[in-house]
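Have a look at the structure below before the remarks.
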Protein chains: 2
Amino acid sequence: MIEIRHLKSFKAISESGKLALAAERVHLTQSALSHQIRAVEEYYDITLFQRTAHGLRFTPAGERLLKLADIVLEATAHAERDLERLKLDQSGELRIVLECHTCFDWLTPVMDLFRRAWPEVELDLVAGFHSDPWNLIKEGKADFVIGGLPSASKHLQHTPLFKFEILAVLPPDHPLHNKPYLVPEDFNHQTLITYPVPEERIDLVRELLAPAHIKFERRTAELTVAIMQLVASRRGLAALPSWGLQNYIEHEYVIGKPITKKGLWSELHAAGKAEVMAKPYAVDLVRIIREACSEKLDGIKLI
Amino acid sequence: MIEIRHLKSFKAISESGKLALAAERVHLTQSALSHQIRAVEEYYDITLFQRTAHGLRFTPAGERLLKLADIVLEATAHAERDLERLKLDQSGELRIVLECHTCFDWLTPVMDLFRRAWPEVELDLVAGFHSDPWNLIKEGKADFVIGGLPSASKHLQHTPLFKFEILAVLPPDHPLHNKPYLVPEDFNHQTLITYPVPEERIDLVRELLAPAHIKFERRTAELTVAIMQLVASRRGLAALPSWGLQNYIEHEYVIGKPITKKGLWSELHAAGKAEVMAKPYAVDLVRIIREACSEKLDGIKLI
DNA sequence: AATTAAATTGAATTAAATTCATATCATGAT
DNA sequence: ATCATGATATGAATTTAATTCAATTTAATT
């Protein structure tokens, strides 16, 4: 079969007219080229060159393959340039910050999937708790925030991930365990157990308790399992995304109740600088998160 | 370097999604394909496929090469079809007839040149003398006539070759040897030595002697060298194309004189059926005749 | 936990391309 | 005519590359 290497040889022959010169240009010996073109002639059983005393002249068939060479070599060079560009897109760094502590639950398997698809992208989790995770991007310490809708003043590009319901978490024998849903007043003078974040970042407080001027105590814990222990031992109530509770509810360690009749819903978004969010691997990370979460987490809605 | 064979493999992979299936389609083992695509990935240092449990998925870079494959394979297939067509044009048969006996002088080297350029074309000379050579084409016994302008009634396509001068041939000591040129009356009651063809095909007779009602004897000989011998031994005069005489004149065996003040000129044409004359090798034969003759024959003019 | 259906790997093999040394061929000069 | 020159062709030896073979690995499914 004809190969690109032959086409390159043809081009070189046409440009130099002589086998020996052409051979140099394609880093072969004159003999190699002679063998090579002869092999093509034999393959197609057609004369491609007229051998003269001054070098080679293309026959019409040779000219035809030369035309093919022009097309193919041009297309190949173009593809190779594109490949170089794609190589840049294929590698990079993505330092992820989570606004939402519970998200660790699903992020680990998602990161595994991502790493398999994008082995050249270095994926890191920025450790620790930050009062304003989006600011880490401005400071150059992170690239990709998973959390609520960032305020417009951050000038970050964001993509919605999904909606999820926040359930109140009560010990199974709590006095309110028969109510179909809780209302803000049910939290009056209760202890609220939360992750250690500012009050305004807790949806329940911001959306319901603060507007209704409900008074409550706060106690914090860093890990979901610690919060569960505190709730189960009746030290207070919590409000967590439904998916984070499932395991505990199934084992009747705690119970979950909707908050307000229509439930308390929150949204998760991915945010980052526009140029980062445009990277194909960032776009793909968003896709992977949405796909994996909608499959594995109960009770969420893609947005 | 990437080669067409790789592009074919990519195409097969994209169409079957699985290495093992694709391997069959390109007549390789699954392992060979695995090695092959890996080599391309390493050459460009970029991941082309995402390996999943169900087969291979193209990465954007892989997709790009797939697009290249479409272009290249399409162009290659097209070129190969054209090559098949050209192969038909490249081979054929050309049975040549000469109206003009002297033309043998230059035809042999021309045929050598032609055979080198068109090895697939079978070149034959139709032997014998024919009163109407163009008719041989109609009868399917010849393809290509070299001679004067064929009459329009033959419905043949013709291409002009060149003009040449017909010189009178005299023995060196002939009484007329001092005249700068001969006139028709000089042939009165002389013996004219010619090839064995009808009178109306002899330019001198048709153009000059018959119109002037000159009386002359005729004697024929088949070979140019025989005519020369007869002239040299004073058995008569001849009239031949200048190029045919050169050797004899140089050796002072005979002398050549223009006929009439402006000379007697004749033309040579190639004629054949339109479809034969259109064949690339027929076109090229015309070119070779014109080039070779204008270089080697003195005193002719291309037309 | 075992099975299956894929791809990968590395060594061995086979095939193909390339080189080396030399031959051939056509042309132009002596 | 013969010789030198500048070109391509040829064939055997070599080198390089592609392919196979025989395990391995991997991940999903039963």
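Here the structure is a predicted model, which means the values were calculated and not measured. By convention in this document, chain letters (A, B, ...) are assigned in the order of the sequence lines, proteins followed by strands, and residues within each chain are numbered from 1.
- A salt bridge does not link A:Asp124 to A:Arg95: none of the charged side-chain nitrogens sits closer than 4.0 Å to a carboxylate oxygen.
- Donor-acceptor pairing under 3.5 Å, judged by distance alone, is present between the side chain of B:His35 and the base of D:dT20.
- Each of B:Leu113 and A:Ala32 was assigned the nucleotide of DNA chain C with the nearest heavy atom; the assignment lying further toward the 5' end belongs to A:Ala32.
- Closest to the side chain of A:Lys18, from the set D:dA22, D:dA7, C:dT19, is D:dA7.
- For the pair A:Gln36 and C:dA17, the criterion of a side-chain N or O lying under 4.0 Å from OP1 or OP2 is not met.
- Within the structure, a side-chain polar atom (N or O) of B:Thr29 is placed less than 4.0 Å from OP1 or OP2 of D:dT20.
- At D:dA9, one or more side-chain N or O atoms of A:Arg38 fall inside 4.0 Å of OP1 or OP2 (strictly under the cut-off).
- Among the atoms of the strands shown, none is found under 4.0 Å from any heavy atom of A:Leu33.
- Following rounding to the nearest Å, A:Gln50 (CD) and D:dA7 (C1') show an atom-to-atom distance of 15 Å.
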Step-by-step side chain to side chain donor-acceptor pair (under 3.5 Å) determination, B:His269 to B:Glu267: CA-CA 7 Å; B:His269 293 252; B:Glu267 292 184 355; 2.9 Å; yes
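- In this structure, D:dT29 and C:dA2 make a Watson-Crick or G-U wobble pair, each of the two defining distances being under 3.5 angstrom.
- Nearest nucleotide to the A:Arg51 side chain, out of C:dT27, C:dT18, D:dT8: D:dT8.
- Checking D:dC21, D:dT8, D:dT29 against the side-chain heavy atoms of A:Leu56 singles out D:dT8 as nearest.
- In this structure, B:Arg57 atom CZ and C:dA6 atom P are separated by 16 Å, rounded to whole Å.
- Put simply, NE2 on A:His27 is 11 Å from P on C:dT19, counting in whole angstrom units.
- Between D:dT29, D:dT19, C:dT18, one nucleotide has an atom nearer to the side chain of B:Arg5 than all others, and that is D:dT19.
- Atom CZ of A:Phe49 and atom P of D:dA7 are 17 Å apart (whole Å).
- Comparing B:Leu21 and A:Met1 along DNA chain C, the residue whose closest nucleotide (by nearest heavy atom) sits nearer the 5' end is B:Leu21.
- The listed nucleotides are C:dG10, C:dT18, D:dT10; the one nearest the side chain of A:Ser34 is D:dT10.
- Considering only the side chain of A:Ser31, C:dC20 comes nearest among C:dC20, D:dT20, C:dA7.
- Between A:Leu19 and B:Glu3, it is A:Leu19 whose nearest contact on DNA chain D lies nearer the 5' terminus.
- Rounded to a whole Å, the CG atom of A:Asp112 is 16 Å from the C1' atom of D:dA28.
- Between B:Leu28 atom CG and D:dT19 atom P the separation is 5 Å, expressed in whole Å.
- Rounding to whole angstrom units, CD of residue B:Gln30 and C1' of D:dA22 are separated by 12 Å.
- A:His6 has its NE2 atom 12 Å from the C1' atom of C:dT18, to the nearest Å.
- Salt bridge present: B:Glu291 and B:Arg287 bring a charged side-chain N and a carboxylate O closer than 4.0 Å.
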Working for side-chain contact (heavy atoms from CB on, under 4.5 Å), residues A:Ile4 and A:Thr76: CA-CA 9 Å; A:Ile4 290 179; A:Thr76 305; 4.0 Å; yes
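- The two residues B:Ala232 and B:Pro171 come nearest to each other via the heavy atoms O-CB, 4.1 Å.
- As judged by a 4.0 angstrom heavy-atom cut-off over every strand, A:Ala53 is placed among residues touching the sugar-phosphate backbone only.
- Taking the charged nitrogens against the carboxylate oxygens, B:Arg38 and B:Glu41 do have a contact shorter than 4.0 Å, which makes a salt bridge.
- Using a 4.0 Å heavy-atom criterion, one finds that B:Ala20 contacts the sugar-phosphate atoms exclusively.
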